[in-house]
Amino acid sequence: MTEATMTQDVRTYPITAAIAREARQPLVLETGEIEGPRPDEVLVRVVATGVCHTDMVVRDQDFAAPLPMVLGHEGAGVVEAVGAEVTEVAPGDHVIMTYMWCGHCHTCESGHPAHCENMGPLNFGGGRLDGSTATTDAAGAKVHDHFFGQSSFSTYALANEKNVVKVDKDAPIELLGPLGCGIQTGAGAVLQALDVKAGTSFVAFGAGAVGLAAVMAARVAGATTIIAVDITPSRLDLALELGATHVINSRETDPVARVREITGGGADYSLECSGRAEVLRQAIDALGTLGACGIVGATREGTEASFNVNDVMIPGRRIIGIVQGDVISKIFIPRLVELHKQGRFPFDKLVRFYPFDQINEAIADSESGVTIKPILRMPA
């Protein structure tokens, strides 16, 4: 490691980034510059990055965040430079970038960094916690960045030592970015937050990337009844391939009645992945006695849902809000990588690759359901 990469890097790096400039408009591919890392930061040359529903929620301003901004939060790549205080990674290391957390609030210190008390400003604030940014466009104007502590819709991303996860160089780095958010969320919800037990029943409401990751994780956990609910037949077919024992097309069948029929009274666990209030009600109503419903679907700010209070209280049902699977990524992501190596977590079956300059096509395919998990390959 050179002295230049061990100290605060004051140079700037040319980038090509996809910038969200206006609500509900296509992202614009532009050139610009990004600063080198501060003492606790890591500059990553992005190899590939996943496209996630949350990117679209912010692009459309259904969730407040300042524009213009470089989005993207499922990045994977190679460390280019590190700040003077960074000890966990070095230039040349392969890393996955995940959500950002402060590390010093009560929630972080209690082992739940995904529910960090500074989650909003650190991941959606458009800059560092002190309000500074690192990205400028070709005209030298400020562009908001540090989305989820990374802004990976760019050829370079500036992350923090806290939110980079080192992986072995023999792992397929261009495939791994979605482990930093969507795949981590679904799998973590099952294996960590809900702690699904062997021999139990589990149902995922929504068979997108998060829901299918949950299905695969439920199989790993040893659940013996695994149900996927969706409206797209191809996704339900894939769910069966990935470990579901039953599927329900909710356009054709009442999913609550069918889940209760399959399980003999209600599921032990359910996970709402669609971000729709009416589906959350179904996920709650499909539970059996002492069942637990996890909520991971991103919704428009201010969304409210209703449920029958007595139908929750009397059977002892639990409703749990879950962010990022409630996992510690530096521990959990390497476990998913190892499960994938063993063929027990084949999330590659969800993926389709796109060149970076087709980012808007990738987003459109995700929104239409053509592609479950798009991954953008950066130019060499």
Side-chain angles (χ1 to χ4, degrees), residues 4-5 7-49 51 54-56 58-61 63-86 91 95 97 99-100 120-164 177 355-360 363 376-380:
T5 59
T7 59
Q8 181 172 341
D9 197 331
V10 296
R11 63 177 283 194
T12 59
Y13 295 76
I15 60 170
T16 300
I19 300 176
R21 289 200 171 271
E22 298 181 51
R24 301 185 181 276
Q25 295 301 310
L27 306 186
V28 183
L29 222 60
E30 301 184 25
T31 59
E33 291 187 336
I34 191 168
E35 296 173 0
R38 291 186 177 184
D40 60 347
E41 291 181 330
V42 178
L43 184 71
V44 178
R45 177 176 59 81
V46 181
V47 172
T49 182
V51 174
T54 307
D55 295 310
M56 304 162 211
V58 173
R59 176 205 60 183
D60 294 344
Q61 293 289 279
F63 201 102
L67 301 180
M69 182 187 285
V70 181
L71 300 176
H73 61 286
E74 293 183 341
V78 180
V79 175
E80 180 78 13
V82 301
E85 297 173 4
V86 173
V95 295
M97 292 175 281
Y99 68 89
M100 184 55 182
L122 281 172
N123 292 276
F124 296 92
R128 301 179 182 91
L129 199 56
D130 65 6
S132 63
T133 58
T135 304
T136 54
D137 63 18
K142 168 182 169 179
V143 177
H144 292 286
D145 56 17
H146 287 76
F147 184 59
F148 276 73
Q150 56 181 281
S151 288
S152 58
F153 286 169
S154 174
T155 49
Y156 284 95
L158 195 57
N160 189 281
E161 185 173 33
K162 291 187 182 72
N163 71 313
V164 294
F356 186 37
D357 61 6
Q358 291 182 13
I359 184 169
N360 289 305
I363 289 172
L376 304 167
R377 283 190 175 112
M378 294 298 171

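Quick note: residue numbers are just sequence positions, from 1.
Between Ala157 and Ser152, the shortest heavy-atom contact is CB-CA, 4.3 Å. Residues Pro66 and Gly125 share a closest heavy-atom pair of CG-O, 3.4 Å. Between Glu85 and Asp40, the closest heavy-atom pair is OE1-CB, 4.2 Å. Gly126 and Thr133 get closest at one heavy-atom pair: O-CG2, 3.3 Å. Among all heavy-atom pairs drawn from Phe356 and Pro379, the shortest one is CB-CD, 4.1 Å.
Classification of Arg21 and Glu30 as a salt-bridged pair holds, one side-chain N sitting under 4.0 Å from a carboxylate O. Electrostatic pairing of Glu35 and Arg128 counts as a salt bridge here, judged by a charged N lying under 4.0 Å from a carboxylate O.
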**Message:** Pair Asp145, Ser151 - check side chain to side chain donor-acceptor pair (under 3.5 Å), show working.
**Reply:** CA-CA 6 Å; Asp145 56 17; Ser151 288; 5.5 Å; no
**Message:** I'd like to know whether Asn163 forms a side-chain contact (heavy atoms from CB on, under 4.5 Å) with Met100, so could you lay out the CA-CA distance, the side-chain angles of the two residues, the decisive distance to 0.1 Å, and finally the verdict.
**Reply:** CA-CA 5 Å; Asn163 71 313; Met100 184 55 182; 3.8 Å; yes
**Message:** Evaluate Gln150 against Val44 for side-chain contact (heavy atoms from CB on, under 4.5 Å), listing each step before the verdict.
**Reply:** CA-CA 9 Å; Gln150 56 181 281; Val44 178; over 6 Å; no
**Asked** Between Glu33 and Thr135, is a side-chain contact (heavy atoms from CB on, under 4.5 Å) present by the stated rule, with each step listed?
**Response** CA-CA 6 Å; Glu33 291 187 336; Thr135 304; over 6 Å; no
**Message:** Set out, in order, the CA-CA distance, both residues' side-chain angles and the distance that settles salt bridge (Lys or Arg N to Asp or Glu O under 4.0 Å) for Arg38 and Asp130, then state yes or no.
**Reply:** CA-CA 13 Å; Arg38 291 186 177 184; Asp130 65 6; 3.2 Å; yes
**Request:** Let me see the working for Leu43 and Tyr13 under side-chain contact (heavy atoms from CB on, under 4.5 Å), right down to the final yes or no.
**Result:** CA-CA 10 Å; Leu43 184 71; Tyr13 295 76; 3.4 Å; yes
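Put simply, the side chain of Thr155 gets close to the backbone of Thr16: a donor and an acceptor are under 3.5 Å apart. At distances below 3.5 Å, not a single donor-acceptor pair connects side-chain atoms of Asn123 with backbone N or O atoms of Gly120. Between the Gln61 side chain and the Val58 main chain, a donor and an acceptor come within less than 3.5 Å of each other. Remark: side-chain polar atoms of Asp55 are paired, donor with acceptor, to backbone N or O of Gly72 under 3.5 angstrom. Put simply, the side chain of His146 never gets that close to the backbone of Gly127: no donor and acceptor are under 3.5 Å apart.
At least one side-chain heavy atom of His144 sits under 4.5 Å from a side-chain heavy atom of Lys142. Phe63 has its side chain out of reach of Thr54: every pair of non-hydrogen atoms, C-beta onward, lies at least 4.5 Å apart. Two residues are said to be in side-chain contact when any heavy atoms from C-beta on lie closer than 4.5 Å; Val82 and Pro91 meet this criterion.
One finds the CD atom of Glu41 at 10.5 Å from the NZ atom of Lys162 (value rounded to the nearest 0.5 Å). Here Asp137 contributes atom CG and Ile15 contributes atom CD1; the two are 9.5 Å apart, rounded to the nearest 0.5 Å. For the atom pair CD1 (Ile363) and CZ (Arg59), the distance works out to 5.5 Å, reported to the nearest 0.5 Å. Here the straight-line distance linking atom CD1 of Ile34 with atom CD of Glu80 works out to 11.5 Å at 0.5 Å rounding. Atom CG of Asp357 is separated from atom CE of Met378 by 10.5 Å, given to the nearest 0.5 angstrom.
Not less than 6.0 angstrom separates the ring centroid of Tyr99 from the ring centroid of Phe148.
Each of Val70, Leu67, Leu29 was checked for a side chain to side chain contact (heavy atoms under 4.5 Å, CB included) with Ile19, and the lone residue meeting it is Val70. Just one residue in the list Thr49, Leu158, Val42, Val164 forms a side chain to side chain contact (heavy atoms under 4.5 Å, CB included) with Met97, and that residue is Val164.
Ring-plane geometry between His73 and Phe147 is classed as perpendicular, the angle between the planes exceeding 60 degrees on a 0 to 90 degree scale with a lower cut at 30.
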